[in-house]
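Quick notes on the structure that follows.
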Amino acid sequence: MIPLTDNFGVLDRSATEAAHRLLGCVLERNIDGHLARVKIVETEAYDQTDVASHSYRGETTRTKTMFGPPGHLYVYFTYGMHYCCNVVTGPEGTGAAVLIRAAEPLEGSDYMARRRMREGVDISNGPAKLCHALGIDMRLAGHDLHDEPLRLIMKPQVAAQSITQTSRVGITKGINILWRFYLTGNPYVSKP
DNA sequence: AGCGGGATTTTCT
DNA sequence: GAAAATCCCGCTT
């Protein structure tokens, strides 16, 4: 049954607002007969006005998903071996997206630990670790997060007082803006 | 606990 | 040709 209101509507906002709202939301991955569920605990915002963003120089083959509708998945391959995933936000056409940097396993942690060949926080305390744990690669590039096998389940907004806001990680440009958000004290945050 | 380098490929200068 | 929205291993304190 189709819900009366599409709760993905909150993603049709600026990347920074959406980055707030995505904290505490759940990613549900169906893979290989397993169900893996994780809670998002760390995010970063990017948009076309931002020198650190892949969308800064406009739409390209690589970044076209970022300029598409909110609620789809922008996946990129980096450092020759890692994948990272972003949720596209709004307004559509502005090249805005939120990097999912870390998440806390809720279900299927044994399966994810096996994929990662690691245990505990090392399962998913980083953007490439999370993608490895959930089996996210270019096959899911542009995927609509309403649909199987990877769904985003929106949750109520987390209280502002439990969110820490800092500079983003791993970039050399745009370090002056505080577009990284995480759940204060959560052990799965990549770099507290 | 902290630093340095290697892996490995896409993208831009 | 070099940097990159990273991770892992090994060496040094």
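Computed over heavy atoms, backbone and side chain alike; hydrogens, waters and symmetry mates excluded. By convention in this document, chain letters (A, B, ...) are assigned in the order of the sequence lines, proteins followed by strands, and residues within each chain are numbered from 1.
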I'd like the P distance from C:dA2 over to B:dG5, given in whole Å.
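Roughly 16 Å separates the two P atoms.
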Between A:D137 (CG) and B:dT8 (P), how many Å, whole number?
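Rounded to the whole Å, the gap is 17 Å.
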Say whether A:Y74 and A:H54, considering side chains only, have a donor N or O and an acceptor N or O under 3.5 Å apart.
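Yes, because at least one side-chain N or O of A:Y74 sits under 3.5 Å from a partner of the opposite role on A:H54.
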Side-chain H-bond candidate by donor/acceptor type, A:T164 with A:T184, under 3.5 Å:
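Indeed, the side chains of A:T164 and A:T184 share at least one donor-acceptor pair under 3.5 Å.
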Electrostatic pair A:R115:A:D32 at N-O distance under 4.0 angstrom
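The answer is no: the pair does not qualify as a salt bridge.
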Is any side-chain N of the basic residue among A:R101 and A:E44 closer than 4.0 Å to the acidic one's carboxylate O?
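A:E44 and A:R101: salt-bridged.
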Strictly by ring pair (Phe, Tyr, Trp, His ring centres under 6.0 Å), give each pair with a member in residues 146-184 of chain A just once, sequence neighbours left out.
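Pairs touching residues 146-184 of chain A that pass the test: A:F8-A:H146, A:H20-A:F181.
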Please give me the minimum heavy-atom distance between A:I123 and A:R116, naming the atom from each residue.
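So the two residues come closest at O-NE, 3.2 Å.
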Taking all non-hydrogen atoms of both residues, which atom of A:S124 and which atom of A:P105 are closest, and how far apart?
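A:S124 and A:P105 have their closest heavy atoms at OG-CD, 3.6 Å.
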For DNA chain C, the expected dot-bracket line (Watson-Crick or G-U under 3.5 Å, [ ] crossing, | inter-strand) is ||||.|||||||.
Measure the CZ-CE distance between A:F77 and A:M138 for me, rounded to the nearest 0.5 Å.
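Between atom CZ of A:F77 and atom CE of A:M138 there are 9.5 Å.
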Base, backbone or nothing for each nucleotide of nucleotides 1-7 of chain C, written B, S, -, heavy atoms under 4.0 angstrom, 5' to 3'?
---BBBS
